[in-house]
Number of protein chains: 2
Amino acid sequence: MQKSEVTIHDISKALGIDSSTVSRALNDSPRVSSKTKAKILAKATELGYRRNSLASNLRTNKTYTIGVVVPRISRNFFSNVISGIEETAYENGYNVIICQSLESLDREQKIMNTLLSNRVDGVLISISMETTSFKHLEPFKNYGTPIVFYDRPCNYGGCTSVSINDFEASFMATEHLIFNGCKRIVHFGGPQHIELYQNRKKGYISALEKHGLEFDKTLFLETKLTEEDGVKLAKKVINIKGGVDGIYAANDTSAISAMRYFKLNGVIIPDEISIVGFNNDPISVVIEPSLTTVNQPDFEMGQIAAKALIDQIKEKKCKTKALVLGSDLIVRGSSSKIRLS
Amino acid sequence: MQKSEVTIHDISKALGIDSSTVSRALNDSPRVSSKTKAKILAKATELGYRRNSLASNLRTNKTYTIGVVVPRISRNFFSNVISGIEETAYENGYNVIICQSLESLDREQKIMNTLLSNRVDGVLISISMETTSFKHLEPFKNYGTPIVFYDRPCNYGGCTSVSINDFEASFMATEHLIFNGCKRIVHFGGPQHIELYQNRKKGYISALEKHGLEFDKTLFLETKLTEEDGVKLAKKVINIKGGVDGIYAANDTSAISAMRYFKLNGVIIPDEISIVGFNNDPISVVIEPSLTTVNQPDFEMGQIAAKALIDQIKEKKCKTKALVLGSDLIVRGSSSKIRLS
DNA sequence: ATCCAGAATACAATCGATTGTATTTTTGAA
DNA sequence: TTCAAAAATACAATCGATTGTATTCTGGAT
């Protein structure tokens with residue numbers, strides 16, 4: 001009863017057919033007559049045979065599995081990306097192992113080790129906010145295991161990155177605030193060793209400059225953009241001398257958390273402060289006023305990243321350096337200021 | 001450069017030591033002298049050796065991997081459960097494969113097949129809303145691979161279920177509405193072949209009866225509780241003859257979606273209709289009025305389920321039939337009716 | 001110097017499936 | 001009926017690590 005573990009050898013014995021033939025039959029090889037195939041298939045289902053992927057993968061040196069490293073699956077953006085990845089992966093016969101780094105480098109390193117030991121065929125990764133070195137990615141080179149970055153692009157080992165144009169999106173978002181009359185705009189930025197957040201900051205600065213607003217260092221606030229950070233940031237904003245009339249946050253989580261703090265403390269949005277976020281979390285449309293935010297093609301990003309990776313796994317062909325997707329600003333109540341002055 | 005694939009045999013050759021000794025050394029066996037161990041370890045890192053888990057797992061018939069089947073990772077409740085599972089799993093040296101069924105039975109079946117082929121040591125599953133038969137779980141019995149249900153308990157093969165007491169929580173939620181003066185309470189129920197949703201319905205009915213309110217079939221609305229369902233349900237509620245003054249929804253998603261529809265259509269919450277949800281989604285505290293809801297120990301549920309599974313994997317000992325966790329009602333604005341009449 | 005127990009290491013089979021090569025069987029044409 | 005080519009099947013090595021058993025080595029006691 002326990003450990004039935006039917007193998008091709010059991011089928012082989014039961015039918016008096018060599019195990020190699022059984023294997024070929026189960027893989028629908030043309031080297032086996034259809035009559036024998038039928039017999040084998042029948043016996044296989046009768047005995048409840050299940051291929052042992054471990055053995056198969058060991059022999060073929062191929063696992064049809066791709067590893068996905070994600071900072072945090074609970075973020076709506078990421079869970080949508082994952083859905084996109086899964087869809088494309090399954091369509092192409094690949095399995096997916098999802099791992100959360102929880103924004104920790106230590107965890108990310110452990111994950112990469114595990115993925116390597118498990119001989120995944122490729123990895124899709126959005127690096128953690130703590131990741132400053134790429135040493136833990138080195139071994140993948142030796143194994144010829146391709147890596148594709150998504151959302152958070154990286155200049156590493158000629159790997160492909162799939163992302164939106166964060167500079168442009170940021171520029172648009174900031175410019176939108178400016179068009180609405182904001183003159184002192186705070187930027188809630190993410191860790192600046194991450195290219196993504198650098199680009200968002202650059203877009204912000206560039207928009208300011210284009211419109212003759214000087215970049216004021218005291219209006220740039222760097223955090224990890226968590227919910228807790230949002231509250232801290234809001235407090236800081238209230239105390240900034242010279243006042244603040246707009247906030248462009250590099251994600252919705254911090255923007256919404258700050259908004260809630262403002263609301264509790266009588267700061268009127270958007271009248272006193274306009275706010276723009278990033279990611280279009282479902283919550284952004286529910287909060288009042290609803291949050292203006294940058295919408296990214298998350299699901300599609302997952303599909304495209306997975307496709308790019310699978311192409312590299314299969315053909316080992318030339319890699320595109322970067323795949324850049326479009327994004328758009330969704331204007332909502334948090335920034336629709338009507339200035340009467 | 002490509003495919004370096006260092007094996008224990010490479011180390012073996014490089015040092016003139018048998019591969020069995022190398023294997024033992026890498027596993028820190030007492031049968032190898034510490035001097036030799038040191039030599040081997042050094043050579044291993046020098047060559048960049050990585051254990052091939054496929055080979056190891058094949059030989060030992062153990063993968064130290066548990067499969068997690070989840071309806072949808074984007075649901076906050078589930079992503080928290082997963083975090084709990086991961087934490088406990090990693091602490092115990094287990095890897096985790098996360099798979100989304102997307103509430104589809106077909107997908108769930110495919111997933112179970114893959115997990116079986118990959119010879120996971122155990123499975124944690126919250127069945128999909130379409131799952132009415134458990135045929136796809138049968139093979140796991142033969143392999144002696146334990147299954148533990150979480151969140152959505154199941155009476156199947158003596159497997160352990162980890163969940164809250166849905167009947168009680170539901171009872172409390174409904175009673176809360178009654179205490180607030182509601183007399184015609186609609187229940188947004190989930191698929192009734194799922195034990196979880198049966199229990200929630202039973203709790204609802206029981207609370208009604210306790211307070212002398214008759215169960216009115218027309219006030220019980222069964223759907224899959226999606227966002228779209230929420231809108232449809234809200235429309236129905238508005239048209240129910242005899243009126244409705246309270247809603248107890250079996251999840252927050254549908255409750256919030258309905259709330260938004262009500263707000264857009266001038267139905268005042270909680271004055272005209274009080275609402276209680278289930279799950280304590282982050283969004284429930286942001287919407288206005290904030291949503292009264294049942295909070296479950298999600299992270300903890302993940303930890304406990306993982307622990308239960310690992311115990312079964314390790315000791316194959318007596319299984320607890322059911323592990324029931326506590327839950328509590330978080331009262332917020334959507335149900336704090338102040339009746340002046 | 002000799003012998004023995006225990007430590008250290010080597011040998012060889014094994015996990016289950018795959019695959020190149022060899023052998024047998026079948027088929028069709030002469 | 002015979003034979004070569006093609007089809008079908010069998011043989012055997014292999015993937016990389018593990019593990020029971022056998023062998024060699026070591027140090028200490030006699």
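Order of the sequence lines fixes the chain letters, A, B, ..., with proteins taken first and strands second; residue numbering starts at 1 for each chain.
Between the CD1 atom of B:Ile11 and the C1' atom of C:dT9 there is a distance of 16 Å, given to the nearest Å. At whole-Å resolution of the value, CD1 in B:Ile40 and P in D:dA17 are 13 Å apart. When rounded to the nearest whole Å, the span between CG of B:Asp28 and C1' of D:dT18 equals 16 Å. With rounding to whole Å, B:Lys35 atom NZ is found 14 Å from D:dC25 atom P. One atom, CD1 of B:Ile8, and another, C1' of D:dT19, lie 11 Å apart when rounded to the nearest Å. Rounded to an integer number of Å, the gap from NZ of B:Lys13 to P of D:dA17 is 12 Å. Nucleotide C:dG16 holds its P atom 13 Å from the CG atom of B:Asn57, rounded to whole Å. As rounded to whole Å, 13 Å separates atom P of D:dT19 from atom CG of B:Leu26.
Taking a cutoff of 4.0 Å between a charged side-chain nitrogen and a carboxylate oxygen, B:Glu86 and A:Lys110 do not qualify as a salt bridge. Salt-bridge formation is detected for the pair B:Lys43/B:Glu46: a Lys NZ or Arg NE/NH1/NH2 atom is positioned less than 4.0 Å from an Asp or Glu carboxylate oxygen.
When all heavy atoms of B:Cys159 and B:Phe149 are compared, the pair lying nearest together is CB-CE1, 3.6 Å. Scanning both residues, A:Val148 and A:Ala308, for their nearest heavy atoms gives CG2-C, 4.5 Å.
Among the atoms of the strands shown, only primed sugar atoms or phosphate atoms (P, OP1, OP2) are found under 4.0 Å from some heavy atom of B:Ser56.
Set against C:dT19, D:dA17, C:dG16, the side chain of A:Leu58 has C:dG16 as its closest nucleotide.
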Do B:Ser20 and B:Asp18 pass the side-chain hydrogen bond (donor to acceptor under 3.5 Å, both in side chains) test, and can you show the C-alpha distance, the side-chain angles, and the key distance before you say yes or no?
CA-CA 5 Å; B:Ser20 64; B:Asp18 190 78; 2.7 Å; yes
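Partners of A:Gln303 according to the side chain to side chain contact (heavy atoms under 4.5 Å, CB included) rule, which considers only residues two or more places apart in sequence or in another chain, are A:Glu87, A:Thr88, A:Phe299, A:Glu300. For A:Phe134, the ring pair (Phe, Tyr, Trp, His ring centres under 6.0 Å) partners are A:Tyr156, not counting sequence neighbours.
The side chain of A:Asn27 contributes no N or O atom lying less than 4.0 Å from OP1 or OP2 of C:dA17.
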With B for base contact, S for sugar-phosphate-only contact and - for none (protein heavy atoms under 4.0 Å), nucleotides 8-13 of chain D reads SBBBBB
